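Working notes, structure below.
Naming: A, B, ... by sequence-line order, numbering from 1 per chain. Nothing here was measured: the structure is a model prediction, and the numbers come from that model.
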Amino acid sequence: MAKGITKRSEDYSKWYLDVIDAAQLAEHSAVKGCMVIKPTGYAIWEHIQANLDRLFKETGHVNAYFPLFIPENFMHREAQHVEGFAPECAVVTHGGGKKLDEPLFVRPTSETIIWSTYKNWIQSYRDLPILINQWANVVRWEMRTRLFLRTTEFLWQEGHTAHATEKEAVDETLLILGVYRTFAEEYMAAPVFTGIKTEKEKFAGAVRTYCIEAMMQDYKALQCGTSHYLGQNFAKAFDVTFQDEQSKVRYVYATSWGVSTRLIGALIMMHSDDNGLVLPPRLAPTKVVVVPIWKEDAERAAMKQKAVDLTRDWKGRIPYKIDDRDQYRPGYKFNEWEKRGVPIRIEMGPKDVAQNQVIVVRRDTGEKIAVPQYSLLATIEALLEKIQKDLYARALRNRDANTFTCDEYKELIERLESPGGFFWVHWCGQGACEEKFQQDAKATIRLQPIEDGGEPGACIVCGAPSAQRVLVAKSY
RNA sequence: CGGGGCGUAGCGCAGUCCGGUUAGCGCGCCUGCUUUGGGAGCAGGAGGUCCUGAGUUCGAAUCUCAGCGCCCCGACCA
């Protein structure tokens, strides 16, 4: 059916790239590792931005903007941070035709430039908390890139907050984790596991990294967002102190958190199918496309007019398009809008108009129903919500059906290889055992549960006591 | 950085081994006519630094040397 899109079962990786191409989301640029985000792809990002931005503001955050460039010495202030990020940074050595006295790092993340600024902003407990977010681009010189999932330059938001107490900072970290979870579930229709990264996987410079992890259709994990409790690491590195109510000088506590254009990759890999892009309605730039159909010239004008009349009161309620292009036939248009992921298509020809109805087609299921024109708007609004819920339910079923507990190491390695999935296993907490997953199956511990709760057991690798299970999977 | 593949029209490719007139094909694009309820048909047409540079030759997309770039697979990562 779908020309030009590789089937998921044949080559998942190729399918992913084909969907991006067919839906006109992005393409490779003249610069290695960097992509051009095309209007449709960028519109999805704008919807992600708009909704997250509102959630951030509802939880008390404000936006600001910090420089793209970071003086080299800032990067070196926090030992873990520089060790983690310096190898993948782009560095500017010349400007205005002259060699710079001090090289400037293109930000891979903004903790250092921001905390050097916060030092000037914070003297008293009355200056706290600072709850700032910025929408920005960052650069990480990755060796291997994939559209949306990992590009040299990518767009993201990064929140950077400053607090008087550890508790307040930890609460902030968890608050944002909750925001990310809500956004993933309610907007992306993406079920996610939340948890804590291992020492090996945590953010360079963090005390603790929380994350949301989602399962893609090929059963691999994708980290969709992170929220870091940074403790006093950056406050100490940049000497950011305040006087508390008792006039005592103390270091500030910090958090940082972010999601990126990678989320678009997650949307594609969770919901799309062999016919192209499938988008959750809440993030779809165009939610409904109306395709008027005609046979004769006389009908053409009438059908076009009918499409306009039909959608007259939709403005401001539903983003829609009328595809009345003369040069394409209906079949071509149906196919095109399927590839591009518009959640609902309305087919409207002379036969339907004669019966005061239209044909409503769901992108996610292909289901076609005849709907009376008088109730169309209400039907569509309800259907969009239903599609949103159904996509979540389908993704959840896929995850549940491929998430297992496992207690035999050999079996774990085999099953990770084929058919794959998420595996809850006991782990003793030692890095050596963690590395063994990686070596034997190229799998990693995606997260540890936040709450202790599960039954104790024995580490699946070494047999040492384990308090709880952790989630192991292959990942992007 | 290691392994593989590839640079020829907007896109996908053939031609290269074995040098030879005016460099082809499919898709897309433009014009016209017929079409239009699941990717239309016919006719005409536009579109090329054959990745770059040097060399060999009467003659190079094709041979030689050097360089550049991209994609895919691994190690690093949101």
- NZ/NE/NH1/NH2 to OD/OE distance under 4.0 Å, A:D324 and A:R300: no
- Message: Rounded to whole Å, please give me the gap between CZ in A:R300 and P in B:G37.
- Response: 13 Å
- Mate of B:C29 where both pairing distances stay under 3.5 Å, Watson-Crick or G-U: B:G45
- Watson-Crick or G-U wobble partner for B:C17, using a 3.5 Å limit on both distances? none
- Watson-Crick or G-U wobble mate for B:C76, both contacts under 3.5 Å: none
- Task: Would you mind reading off the distance between A:R146 atom CZ and B:C76 atom C1', rounded to a whole angstrom?
- Result: 16 Å
- Determine, stepwise, if the pair A:E347 / A:V358 fulfils side-chain contact (heavy atoms from CB on, under 4.5 Å). CA-CA 6 Å; A:E347 305 175 4; A:V358 297; over 6 Å; no
- By nearest-heavy-atom nucleotide on RNA chain B, the more 5' of A:Q223 and A:S13 is A:S13
- Message: Salt bridge or not between A:K442 and A:E417? Use side-chain N to carboxylate O under 4.0 Å.
- Response: no
- Return the value, rounded to whole Å, for the distance between atom CG of A:D21 and atom P of B:G10. 16 Å
- Query: Whole-Å distance between B:A78 C1' and A:K202 NZ?
  - Reply: 18 Å
- If you look at every strand shown and take non-hydrogen atoms under 4.0 Å, does A:T151 touch a base, only sugar-phosphate, or nothing? base
- What residue pairs, at least two apart or across chains, pass salt bridge (Lys or Arg N to Asp or Glu O under 4.0 Å) with a residue in residues 210-233 of chain A? A:K197-A:E213, A:E213-A:R446
- Item | Partners meeting side chain to side chain donor-acceptor pair (under 3.5 Å) with A:R329 (sequence neighbours left out) | none
- Could you check whether A:I212 gets within reach of a base, just the sugar-phosphate, or nothing at all, counting any heavy atom under 4.0 Å? nothing
- A:K386 atom NZ: more than 12 heavy-atom contacts under 6.0 Å: no
- Query: Are any of the side-chain nitrogens in A:R181 or A:E185 under 4.0 Å away from the carboxylate oxygens of its partner?
  - Reply: yes
- Message: Tell me whether A:R399 forms a cation-pi arrangement with A:F193, defined as NZ or CZ under 6.0 Å from the six-membered ring centre and within 45 degrees of its axis.
- Response: yes
- Query: With a non-hydrogen cut-off below 4.0 angstrom, is A:K442 in contact with a base, only sugar-phosphate, or nothing?
  - Reply: sugar-phosphate
- Task: Send over the distance from A:R150 CZ to B:C72 C1', rounded to a whole Å.
- Result: 15 Å
- Could you check which nucleotide pairs with B:C6 in any of the strands shown, counting Watson-Crick or G-U wobble with both distances under 3.5 Å? B:G69
- At under 4.0 Å, does any side-chain N or O of A:H28 touch on OP1 or OP2 of B:C71? yes
- Message: Please name the nucleotide paired to B:U56 by Watson-Crick or G-U wobble geometry with both distances under 3.5 Å, or report none.
- Response: none
- Query: Considering only the P atoms, how many Å lie between B:C18 and B:G2, rounded to the nearest integer?
  - Reply: 30 Å
- For atom C1', what is the distance between B:G69 and B:G53, given to the nearest Å? 14 Å
- Using the test side chain to side chain contact (heavy atoms under 4.5 Å, CB included), find all partners of A:T379 that sit at least two apart in sequence or belong to another chain. A:V371, A:S375
- Message: Under 4.0 Å, counting only non-hydrogen atoms across every strand here, what does A:R345 touch: a base, just sugar-phosphate, or nothing?
- Response: base
- Note on the structure: Residue pairs passing the salt bridge (Lys or Arg N to Asp or Glu O under 4.0 Å) test with at least one member in residues 146-156 of chain A, sequence neighbours excluded, are none
- Note on the structure: Ranking A:W156 and A:M143 by the position along RNA chain B of their nearest nucleotide, the one closer to 5' is A:M143
- To the nearest Å, how far apart are A:L147 CG and B:C72 P? 8 Å
- Query: Will you find, in the side chains of A:T112 and A:R77, an N or O donor that is under 3.5 Å from an N or O acceptor?
  - Reply: no
- Provide the Watson-Crick or G-U wobble partner of B:G37, both distances under 3.5 Å; none if there is no partner. none
- Non-neighbouring partners of A:W156 that pass ring pair (Phe, Tyr, Trp, His ring centres under 6.0 Å), sequence neighbours left out: A:F154
- Counterpart residues, ring pair (Phe, Tyr, Trp, His ring centres under 6.0 Å), relative to A:F56 (two or more places apart): A:W257
- Taking RNA chain B as the partner, which of residues 258-269 of chain A come within under 4.0 angstrom of it by heavy atom? A:S260, A:R262
Taking only N/O atoms, report every protein-nucleotides 26-33 of chain B pair under 3.5 Å with atom names and distance.
residue : atom : partner : partner atom : Å
B:C29   : OP1  : A:Y328  : OH           : 3.1

- Message: Between B:G15 and B:A9, how far apart are the two P atoms, rounded to whole Å?
- Response: 15 Å
- Item | Residues in contact with RNA chain B, drawn from residues 189-199 of chain A - heavy-atom cutoff 4.0 Å | none
- Determine the interatomic distance between P on B:A23 and the same-named atom on B:U49; round to the nearest Å. 13 Å
- Message: From CH2 of A:W141 over to C1' of B:A75, roughly how many Å is that when rounded to an integer?
- Response: 19 Å
- Heavy atom of residues 356-376 of chain A under 4.0 Å from RNA chain B: which residues? A:I359, A:K368
- Query: Distance between the C1' atoms of B:G5 and B:G28, in whole angstroms?
  - Reply: 26 Å
- Query: Base, sugar-phosphate, or nothing: which does A:W294 touch, judged by heavy atoms less than 4.0 Å apart?
  - Reply: base
- Which one, B:U36, B:G37, B:C76, comes nearest to the side chain of A:Q438? B:C76
- Do A:R394 and A:D390 sit within salt-bridge range, that is, some charged N less than 4.0 Å from a carboxylate O? no
- Task: Have a look at A:P350 and say if it touches a base, only the backbone sugar-phosphate, or nothing, with a 4.0 Å heavy-atom cut-off.
- Result: base
- Item | Residues A:R8, A:D274: salt bridge by 4.0 Å N-O rule | yes
- Rounded to the Å, how far apart are A:E299 CD and B:G37 C1'? 11 Å
- Message: With a 4.0 Å cutoff (strictly under), does any side-chain N or O of A:R329 reach OP1 or OP2 of B:G38?
- Response: no
- Return the nucleotide paired to B:U62: Watson-Crick means purine N1 to pyrimidine N3 with N6-O4 or O6-N4, wobble means G-U with N1-O2 and O6-N3, both under 3.5 Å. none
- Considering residues at least two apart in sequence or located in another chain, which fulfil the side chain to side chain donor-acceptor pair (under 3.5 Å) criterion with A:N356? none
- Task: Provide the full list of ring pair (Phe, Tyr, Trp, His ring centres under 6.0 Å) pairs with a residue in residues 14-38 of chain A, sequence neighbours left out, each pair given once.
- Result: A:Y12-A:W15
